[in-house]
Amino acid sequence: AGGAKFGYALLFIALLSNVMAIILQHLCARLAVATGRDLAQACRDAYPRPVAYPLWFLAEIAICATDLAEVIGTAIGLNLLFGVPLEIGVVITALDVFLILYLQNKGFRWIEAFIITLLGVIAVCFLVQILMASPDWGDVVRGFAPTTEIVSNPDMLYLALGIIGATVMPHNLYLHSGIVQTRAYGETVPQKREAMRFATIDSTAALMFALTINASILILAAAAFNRSGHTGVEELEKAHMLLSPLLGSALAPTLFGIALLCCGLNSTVTATMAGQIVMEGFLDLRLPPYRRRLITRLVAIVPAAVVTIYYGEGGTAKLLILSQVILSLQLPFAIIPLVLISASRGKMGALVAPRWLTAVAALVAAIIVVLNVKLIVDFATGG
């Protein structure tokens, strides 16, 4: 939607949100290594129940929003590739619980390998489509420069916050702080600093790869749709339908469908693992993985099925974008506790975040809060 409507202008937001994610993921790694706790557990330790429970509830909303997008995206991918009706596709996505259980039983390295494979397929699919679209690379480079229109144009701000929410993702902060603890590292401060450094390198490399994919989606939409005057492309089905005549190849829409399906499967794994970490961390409540998965699946499938059946393709497109904006609105409730806890010497000890890093992370939180407030004001005033 962003690439079709505004060309390359939102590439800056893709870059900015990626930088934000790198900073925040480093703080998550620092917190995990210093305290031996994930972010959810650290919040439960640091705050009384009247504060911790609302934080847990908001984290659950973010996970449901992610699951909702994954349900709809996977269903549309199945429809585009195999002709499965959307209503049936939404129900089929519930069965991926068995895939998650299988991977979790095999061990965490299998999950990592699965995700890396999916990301590789997604990257190749979009790379081939971009080569077919032949974008203006000068305009692409200029798209990474900031513009005031992002704040002044309510439509652009709405999509920008969706991109931020889809990149940083509040539940991924909880997930990363939990994943870091699957690594083996020593107990001395030098050993912990080394573990923290490698965890940061690991997450930064992954996020730079994610930036490549996110930027590719915008570049493809700008080159294929915006340039040809199709600025209203939001629905994934419409994008799929237009790719073949615009790029002159029947391969392009197939690659788009494959990438979409892989995105849905990838999101399935991360949302499920984050859901377990959030529930166990905040509530100290341990549920079997299948039960946790079914609970979040049910919450996501009901609204997805309603929108799909009653509103059709247009409704699913609007819900997809809204779900990512919801993630942006939830971000401050994960970022602010992360910044405060990681800046506390009493909790972090020798690995407390330096003041400059705390200041930068606080600036990231402030930017997201201000943009969210601006969006809410625009909405309330009819903007």
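With S267 contributing its side chain and C263 its backbone, the two residues share no donor-acceptor pair below 3.5 Å. In this structure, K347 contributes its side chain and T35 its backbone to no donor-acceptor pair below 3.5 Å. With hydrogens and angles ignored, the 3.5 Å screen pairs a side-chain donor or acceptor of Q191 with a backbone N or O of E187. Between the D202 side chain and the F198 main chain, no donor and acceptor come within less than 3.5 Å of each other. With E70 contributing its side chain and L265 its backbone, the two residues share no donor-acceptor pair below 3.5 Å. Remark: side-chain polar atoms of T66 are paired, donor with acceptor, to backbone N or O of A62 under 3.5 angstrom. With H171 contributing its side chain and A274 its backbone, the two residues share no donor-acceptor pair below 3.5 Å. Side-chain atoms of S323 come within 3.5 Å of backbone N or O of L320 as a donor-acceptor pair. Under a 3.5 Å cut-off, the side chain of D139 and the backbone N or O of Y8 do not form any donor-acceptor pair. Using modelled atom types, one side-chain atom of N79 and one backbone atom of V84 make a donor-acceptor pair closer than 3.5 Å.
With contacts defined as side-chain heavy-atom distances shorter than 4.5 Å, the pair Y47/Y53 does not qualify. For the pair H26/S203, no side-chain contact is recorded, criterion being any heavy-atom separation below 4.5 Å from C-beta on. Counting heavy atoms from C-beta on, the side chains of T200 and Q25 never come closer than 4.5 Å. In this structure, C262 and N266 have side chains that are not in contact, with every pair of non-hydrogen atoms separated by 4.5 Å or more. Side-chain contact between N214 and I163 is absent, with no heavy-atom pair separated by less than 4.5 Å. Considering only heavy atoms from C-beta on, M196 comes within 4.5 Å of L351 through its side chain.
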**Q.** N372/I368 under side chain to side chain contact (heavy atoms under 4.5 Å, CB included): CA gap, chis, key distance, verdict
**A.** CA-CA 6 Å; N372 282 338; I368 293 174; 3.5 Å; yes

Q: Take E194 and R183 through the salt bridge (Lys or Arg N to Asp or Glu O under 4.0 Å) test and state the conclusion after the steps.
A: CA-CA 12 Å; E194 183 183 47; R183 310 301 193 201; over 6 Å; no

(Q) Determine whether L175 and T270 satisfy the following criterion, side chain to side chain contact (heavy atoms under 4.5 Å, CB included), listing intermediate values before the conclusion. (A) CA-CA 8 Å; L175 175 63; T270 55; 3.9 Å; yes

Q.
I'd like to know whether F57 forms a ring pair (Phe, Tyr, Trp, His ring centres under 6.0 Å) with F333, so could you lay out the CA-CA distance, the side-chain angles of the two residues, the decisive distance to 0.1 Å, and finally the verdict.
A. CA-CA 10 Å; F57 180 71; F333 300 101; over 10 Å; no

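Taken from CD1 in I111 to CD1 in I179, the straight-line distance is 8.5 Å, to the nearest 0.5 Å. Here CG of L246 is found 9.5 Å from CE of M241. Values are rounded to the nearest 0.5 Å. We find the CD1-CD1 distance between I341 and I336 to be 12.0 Å, quoted to the nearest 0.5 Å. Interatomic distance, L157 CG to L10 CG, rounded to the nearest 0.5 Å: 10.0 Å.
Criterion: ILVMFWY side-chain heavy atoms under 4.5 Å apart, direct or through other members. Under it, L220 and W137 are part of a common hydrophobic cluster. The hydrophobic clustering, which links ILVMFWY residues whose side-chain heavy atoms are closer than 4.5 Å, places V370 and L331 apart.
Taking the six-membered ring for Trp and thresholds of 30 and 60 degrees, F126 and F256 have ring planes more than 60 degrees apart, a perpendicular arrangement.
In this structure, a donor-acceptor pair under 3.5 Å is absent between the side chains of N18 and T167.
Minimum heavy-atom separation, R30 to L357: NE-CD2, 4.0 Å.
Heavy-atom contacts from other residues, nucleotides or ligands closer than 6.0 Å to CZ of R109 number more than 12. At most 12 non-hydrogen atoms from other residues, nucleotides or ligands lie less than 6.0 angstrom from CH2 of W356.
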